[in-house]
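Reviewing the structure listed below.
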Number of protein chains: 2
Amino acid sequence: MEPVSTEHVTAFRRFNRYLTRRIGVLDDHYLGQDRPLGQARLLYEIGDGASLRELRVRLGLDAGYLSRMTRALEAQGLVRTSVHHEDSRLRLAELTPAGRDEVGEQNRRADALAERLLRDLSEDQRGELTAALGTARRLLRLAGIVIERVHGASADARACLDAYAADIDARFPEGFDPTALVRPEEVSGDAGAFLVAYEENRPVGCGALRTLEPGVGEIRHVWVHPEARRLGLARRLLDGLERQAVEHGLGLVRLDTHAVLTEAQAMYRACGYTQIPRYDDNVYAAHWFEKRLTDGAVR
Amino acid sequence: MEPVSTEHVTAFRRFNRYLTRRIGVLDDHYLGQDRPLGQARLLYEIGDGASLRELRVRLGLDAGYLSRMTRALEAQGLVRTSVHHEDSRLRLAELTPAGRDEVGEQNRRADALAERLLRDLSEDQRGELTAALGTARRLLRLAGIVIERVHGASADARACLDAYAADIDARFPEGFDPTALVRPEEVSGDAGAFLVAYEENRPVGCGALRTLEPGVGEIRHVWVHPEARRLGLARRLLDGLERQAVEHGLGLVRLDTHAVLTEAQAMYRACGYTQIPRYDDNVYAAHWFEKRLTDGAVR
DNA sequence: ATGTTCCTTTGACCTTAGTCAAAGGAACTG
DNA sequence: CAGTTCCTTTGACTAAGGTCAAAGGAACAT
């Protein structure tokens, strides 16, 4: 891993310092009106309803503390609680109309604050700012995603593959038959690898590597959750799979793609893959690629 | 003023929310170690020494609260206080070596946090992020600067003109004689205008408008503090001065520039000024420009 | 010199934020 | 169905953050 140069660290910290000075302080106190911060945040987080358990985890609060705050909001008529239908240990919280008003007011104030901040810029400059913040957010999100190797039969792996299958079933004109997916044992242990990308502990992408023949691997099922697209995550997954291939002694990797996945093809080309003739009988494939990973290896 | 489209407001708020979620929470608790936040912030703010009064204003704290916190830090051996030489009502606080260590540790932790955040990006992506954050900060700073009309003899006006004079004295090969500056009454009331740009209540730029002859104004002394350059502030000042000109019934404005101020010349051209022959006997001027502000006026 | 303003300290208080442990009811496990 | 785990509530505390008013000393204005 290349070291992070101080230039970038400094730039990042400078920006944070500036932004917190400029808005962070105002933000909380101003937006929460005269309501305590904790309550304001809780109100906001309840949103369209959530169980206390969920809220506890999301906000990282002590159970007792949360219980009391919820009761306080209830006493103010902003929140209504009820018992979960199926699991009566769980308590659900939802906003009353008054609570919704309150959150709406919070949002209006935040908007007004942002608007006041942007007002003195020209429309061009606002566009430039929006673009810059978009880029920054995209990169920070990408930086926050961790990729881990999991067993092909793990719950997260299955969840990703299910989402992947549903996704391409909708995109391939001929649909997609889930039995064409890799079997868990093909992508686990010495046979291959399965990578899952996590954003804030939620799986948002995956990729599989299996062995085609000695020294030759195949990359399959590179998928990114719709909400995590356009971040550059697919490249990172591909990168991770290639590293896995090398570790598995697979100096050459191949992959195929469906005709409709044109962005994927462009990505593979950009990552050093070259088109080759059909190497399998995958009915969904229209293009085949390969990439040599280890130098000097003679086949 | 053009309205701010919701797109930009939303983008800005989304970014803020994201960043606070991602780092804001960690930041404070993590960086302050086991020291209370208030104390950690105070320590950081004391930096190379400051009076309690200054700190009170900067941090927006209650006098009693601040007094107690300072004493607490003093008791921990992190801060030393003394009485101001000239005004013995004021109390000065400065860091002891131990306090400096503590702040150093805070900084190291903040750096480490930033570094961990950036580590998983490629060097290219880090560069892109740094650039985006730089752009965002530049624009936010610019948006936070307010331009006000002040009297030409006011303290802020004089301070800006002094800085301007010193600045160009250093840049003009032949130096600059401050008696060539506009007189206060030329740029005040009906005769003209003096604008000062404030960033967080500190003057960071200025510009003057005076009447050359009926219907013709002259823009002079457009200056931006070195730390506020490259934000686009000069343009905003110029803009403000042109508006003042129109309000003063000056449909045509002229200005001159010194040969060495090439960026300024480029800016004037970009803002619609056209070069004209010498119209004054300013010994420092090498180029003369003018711009018509009101349509249809016949001269 | 005298009244006013400014800065800091101190005492008295209050709210918010957060922790810990005990306990009770519901669901899950074998 | 017995034991365990999970979720919530309650009581008992503590620390931190923050406010208000009174008071004393220093500087400033006239």
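These figures come from a predicted structure and were not determined experimentally. Protein chains get the first letters and strands the later ones, always in sequence-line order, with residue 1 at the start of each.
Within the 4.0 Å cut-off from OP1 or OP2 of dA27(D), at least one side-chain nitrogen or oxygen of S88(B) is found.
In terms of modelled atom types and a separation under 3.5 Å, the side chain of R210(B) and the main chain of A191(B) share no donor-acceptor contact.
Atom CE in M69(A) sits about 8 Å away from atom P in dG18(C), given to the nearest Å. At whole-Å resolution of the value, CZ in R56(B) and P in dG17(D) are 19 Å apart. In this entry the distance linking CG of L42(B) with C1' of dA16(D) reads 14 Å, nearest Å. In this structure, the CZ atom of R71(A) is 15 Å from the C1' atom of dG11(D), given to the nearest Å. The CZ atom of R35(B) sits 16 Å away from the P atom of dA15(D) (whole-angstrom rounding). We find that CZ of R89(A) is positioned 4 Å from C1' of dA27(C), with the value rounded to whole Å. Summarising the geometry, the separation between CZ on R91(B) and P on dA26(D) is reported as 12 Å, rounded to the nearest angstrom. Atom-to-atom, CG of L66(B) to P of dG18(D) comes out at 12 Å; the value is rounded to the nearest Å.
No option in I46(A), T70(A), L52(A) other than T70(A) meets the side-chain contact (heavy atoms from CB on, under 4.5 Å) test with T81(A).
Contact annotation for G38(B): backbone-only contact, meaning every heavy-atom pair under 4.0 Å involves sugar-phosphate atoms and none involves a base. The residue E54(A) sits apart from the nucleic acid: no heavy atom pair falls under 4.0 Å. At a threshold of 4.0 angstrom between heavy atoms, the contacts of D62(B) include nucleobase atoms, whether or not backbone atoms are also involved.
In this structure, the nucleotide among dT8(C), dT19(D), dT19(C) sitting nearest to the side chain of Y65(A) is dT19(C). Between dG18(C), dT9(C), dT16(C), one nucleotide has an atom nearer to the side chain of P36(A) than all others, and that is dT16(C). Taking the side chain of L90(B) as heavy atoms from C-beta on, and the options dG17(D), dC7(D), dT8(C), the nearest nucleotide is dT8(C).
The salt bridge (Lys or Arg N to Asp or Glu O under 4.0 Å) analysis of residues 193-207 of chain A, with sequence neighbours excluded, yields the pairs R141(A)-E199(A).
Where the helix from dA1(C)-dT30(D) to dG30(C)-dC1(D) starts and where it ends, the local axes point in directions that differ by 30°; five pairs per end, rounded to 10°.
By the 4.0 Å N-to-carboxylate-O rule, E54(A) lies close enough to R58(A) to be salt-bridged with it. For the pair E105(B) and R109(B), the salt-bridge criterion is met [side-chain N within less than 4.0 Å of a carboxylate O].
L237(B) and G207(B) get closest at one heavy-atom pair: CD2-N, 4.5 Å.
Where S51(B) and D87(A) each meet DNA chain C at their nearest nucleotide, the meeting point lying more 5' is that of S51(B).
Of the N and O atoms on the side chains of T96(A) and R80(A), not one donor lies less than 3.5 Å from an acceptor on the other residue.
Side-chain to base pairing of R68(A) with dG11(D): one donor and one acceptor N or O lie within less than 3.5 Å of each other.
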